[in-house]
2 protein chains.
Amino acid sequence: MATIYEVSKLAGVSLATVSRVINKTAPVREATREKVEAAMKELGYRPNSVAQSLASNRSNSIGILVPELGGPFYAELLSRIENEFRRVGKHVIIAAGHSDEELERESIEFLRSRNCDALILHVEAVSDDYLRGLADAGCAFVLMNRLVEQLADRCINLDNLLGGYLATKHLLELGHRAIAYVSGPMWKRDAQERYQGHQRALQEFGVPFDSNLVFEGDYQETGGVKALQYFRSLDKPFTALVCANDEMASGAITTAHDLGMDLPSQLSVVGFDNVNFAHYTYPKLTTIDYPLGEIGHMAAQWVLKNVYQQPIKDIRAVFAPQLVIRDSTYRIN
Amino acid sequence: MATIYEVSKLAGVSLATVSRVINKTAPVREATREKVEAAMKELGYRPNSVAQSLASNRSNSIGILVPELGGPFYAELLSRIENEFRRVGKHVIIAAGHSDEELERESIEFLRSRNCDALILHVEAVSDDYLRGLADAGCAFVLMNRLVEQLADRCINLDNLLGGYLATKHLLELGHRAIAYVSGPMWKRDAQERYQGHQRALQEFGVPFDSNLVFEGDYQETGGVKALQYFRSLDKPFTALVCANDEMASGAITTAHDLGMDLPSQLSVVGFDNVNFAHYTYPKLTTIDYPLGEIGHMAAQWVLKNVYQQPIKDIRAVFAPQLVIRDSTYRIN
DNA sequence: TTGTACGCGTTATCAA
DNA sequence: TTGATAACGCGTACAA
């Protein structure tokens with residue numbers, strides 16, 4: 001691979017001049033520029049990004065940490081972010097934290113050791129204190145799906161409460177009154193918020209809250225299975241089910257079929273997230289759309305603005321989810 | 001951030017010695033090592049990976065190119081590869097080629113300009129010639145899901161023909177004789193091979209081949225929709241449908257429901273790939289498992305062996321798919 | 001077992 | 001508008 005030095009020799013100019021035409025960091029006479037460009041072309045020169053990084057103290061890489069690489073949930077997010085950065089010649093380094101504190105820490109350290117210019121974090125196990133420490137250490141990062149006080153200017157969030165509210169409200173408007181709820185793990189903030197939204201909707205419609213009709217799931221498919229079994233074991237009648245995510249909704253739907261229930265006439269189900277398989281279920285799942293793509297886009301914008309000093313207008317900190325009506329909900333009277 | 005130089009000063013040894021304890025590249029007296037390690041700890045030293053790369057001419061990064069980041073198909077693959085490499089302190093840079101020749105080329109160039117030590121490629125648009133040229137240029141890469149002569153030692157493949165064969169054979173064994181087939185785009189090698197497998201199974205069971213019962217789809221959900229509509233428009237009766245991937249199978253199943261058919265009693269469906277939503281369909285999809293995880297693992301092994309000289313036993317070049325029986329197929333007599 | 005000195009390919013700071 | 005030349009932080013022959 002040709003180096004900048006060989007280019008300079010072939011073009012008959014100095015090393016510095018070649019660097020200038022590459023980076024447009026200072027004016028270069030038109031004739032010289034052409035000579036240099038010709039030389040670069042002839043040698044098939046491509047700048048060595050590692051050397052550039054060392055000299056400029058910028059790696060042009062952005063670290064991304066998400067809970068899972070495997071699931072359907074983060075694919076769109078990653079895709080969007082990757083695109084955004086590639087267009088400007090930067091690349092992303094992706095790691096998975098698996099919702100484990102140790103692993104999340106390790107991953108962050110790994111990314112930092114890679115000299116990432118910035119980190120985009122979707123962490124859930126690591127403490128607020130740790131994150132504050134990270135910020136104090138001068139690490140540039142944005143937080144997705146999390147709100148840490150004092151770090152609010154680097155948080156990009158979904159209004160989970162609104163989402164939970166919309167889900168339950170939809171059912172209420174369809175005439176349902178006995179609405180069961182399958183939450184996520186209550187130690188997760190988003191699970192709590194979605195649940196609060198559910199309660200608020202009930203309250204607004206004057207429907208008394210019944211704690212029997214709540215089941216704490218695990219955000220996995222089996223959570224939905226267990227929840228439905230549990231609810232059926234009660235002798236409380238219920239006509240609708242809100243699940244705090246689509247995986248659980250899917251588990252509930254499958255179980256309902258297995259129990260011989262007809263959907264949606266005997267049971268309406270609403271999910272949350274609108275993951276890519278939501279319309280593969282039968283009936284197709286009505287759910288709350290989580291605009292992950294937009295959130296990823298915004299995270300990228302944050303980095304572009306705050307780390308690479310690009311002129312970005314405004315950063316939006318909180319996104320509103322929307323109800324997506326498909327076939328799994330049914331009007332009753 | 002502390003440098004190796006500061007560590008050496010604090011420990012009262014030379015720069016080279018510090019480097020030795022970091023890389024274990026030469027014996028160091030126990031006492032010295034301890035001094036150095038203490039100094040590193042005190043300064044919170046972490047090696048600068050960029051400088052390491054420049055000096056060693058190794059970036060410790062591996063580029064991965066897949067058609068899509070967004071879909072469910074590659075998530076497991078990426079996840080597996082990322083894991084594999086992180087364990088040994090290397091990281092992956094991921095790009096998407098979108099099955100477009102121009103984009104695939106660009107992506108490869110991008111990855112190369114990033115000084116990746118090796119590339120793991122899942123490309124479909126770029127020509128064999130281009131790939132051979134890449135190899136001649138000294139670029140280290142493995143090819144997944146593709147077979148290029150002269151490059152056979154760097155190809156890791158699925159036996160697609162066997163997969164197609166297994167799918168159709170399963171239906172034949174259940175007593176089906178009128179079996180429709182929805183292929184992928186025929187310019188794709190895997191689509192052709194799967195189709196050949198289908199034909200072979202028919203032949204083996206002495207079932208005459210009927211070209212009317214074949215539809216060329218696009219590997220998308222709509223392909224399955226159109227296929228089923230087309231087959232129904234014929235007045236050929238058929239009791240089973242093989243789809244060359246799960247997306248199309250899903251489309252077909254949905255359409256079947258919409259047409260009021262009862263599944264699987266009126267129509268058996270087999271998919272291919274076993275993507276993560278395959279068991280979210282109703283009925284749960286019987287399909288052919290594509291061991292993407294294993295293939296990713298093997299690609300990583302290839303890199304470890306051929307680029308990082310790690311002692312890896314044997315590299316397997318072709319993987320056998322397996323039938324996964326769920327609820328979408330039905331025995332008839 | 002340890003130290004010296006040079007090289008890796010750029011960027012950036014001076015002068016000219 | 002251009003050219004020397006010093007960083008950047010580390011690996012590694014070669015010497016000791």
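Naming convention: chains lettered A, B, ... in sequence-line order (proteins, then strands); numbering from 1 in each chain. These figures come from a predicted structure and were not determined experimentally.
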At less than 4.0 Å, is any side-chain N or O atom of [X] found next to OP1 or OP2 of [N]? Yes or no.
{"X": "A/Asn23", "N": "C/dT11", "value": "yes"}
{"X": "A/Thr32", "N": "D/dT1", "value": "no"}
{"X": "B/Gln52", "N": "D/dG9", "value": "no"}

To the nearest Å, how far apart are [X] [atom1] and [N] [atom2]?
{"X": "A/Lys24", "N": "C/dA12", "atom1": "NZ", "atom2": "C1'", "result": "18 Å"}
{"X": "A/Asn60", "N": "C/dT10", "atom1": "CG", "atom2": "P", "result": "14 Å"}
{"X": "B/Asn115", "N": "C/dC8", "atom1": "CG", "atom2": "C1'", "result": "11 Å"}
{"X": "B/Arg58", "N": "D/dT12", "atom1": "CZ", "atom2": "P", "result": "11 Å"}
{"X": "A/Asn48", "N": "D/dC8", "atom1": "CG", "atom2": "P", "result": "19 Å"}

With respect to the side chain of [X], which nucleotide from [options] is positioned closest?
{"X": "A/Ala55", "options": "C/dG9, D/dG11, D/dC10", "value": "C/dG9"}
{"X": "A/Leu54", "options": "D/dT1, C/dT11, C/dG9", "value": "C/dG9"}
{"X": "B/Ala51", "options": "D/dG9, C/dT1, D/dT1", "value": "D/dG9"}

Carboxylate-amine/guanidinium contact B/Arg80 B/Glu84, below 4.0 Å: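 Looking at B/Glu84 together with B/Arg80, the answer is yes, because their closest N to O distance falls below 4.0 Å.
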Salt bridge flag under 4.0 Å for residues A/Lys41 and A/Glu37: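 Here A/Lys41 does not pair with A/Glu37 in a salt bridge, since their nearest N and O are not under 4.0 Å apart.
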Under 4.0 Å, heavy atoms only, any strand: does [X] hit a base, just the sugar-phosphate, or nothing?
{"X": "A/Asn57", "value": "nothing"}
{"X": "A/Val50", "value": "nothing"}
{"X": "B/Arg33", "value": "nothing"}

Interface with DNA chain C, restricted to residues 4-22 of chain B and to heavy atoms under 4.0 Å: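 Close to the strand are B/Val13, B/Ser14, B/Ala16, B/Thr17, B/Arg20.
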Pair listing, ring-ring contact (aromatic ring centres under 6.0 Å, His included) test, anchored in residues 112-139 of chain B, at least two apart: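 Residue pairs with at least one partner in residues 112-139 of chain B: B/Tyr74-B/His122.
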Qualifying ring-ring contact (aromatic ring centres under 6.0 Å, His included) pairs, either residue in residues 76-108 of chain A, two or more places apart: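 ring-ring contact (aromatic ring centres under 6.0 Å, His included) check on residues 76-108 of chain A returns no pairs.
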Distance-only side-chain donor-acceptor flag, B/Tyr290 / B/Asp190, under 3.5 Å: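 Side-chain D/A pair, B/Tyr290 to B/Asp190: absent.
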Side-chain donor or acceptor of A/Trp302 paired with backbone N/O of A/Asp153 under 3.5 Å: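 Pair found, side chain donor or acceptor close to backbone of A/Asp153.
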Candidate list B/Leu15, B/Ile22, B/Asn23, B/Thr17, test side-chain contact (heavy atoms from CB on, under 4.5 Å), partner B/Ser19, passing option: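 Among B/Leu15, B/Ile22, B/Asn23, B/Thr17, the one meeting side-chain contact (heavy atoms from CB on, under 4.5 Å) with B/Ser19 is B/Asn23.
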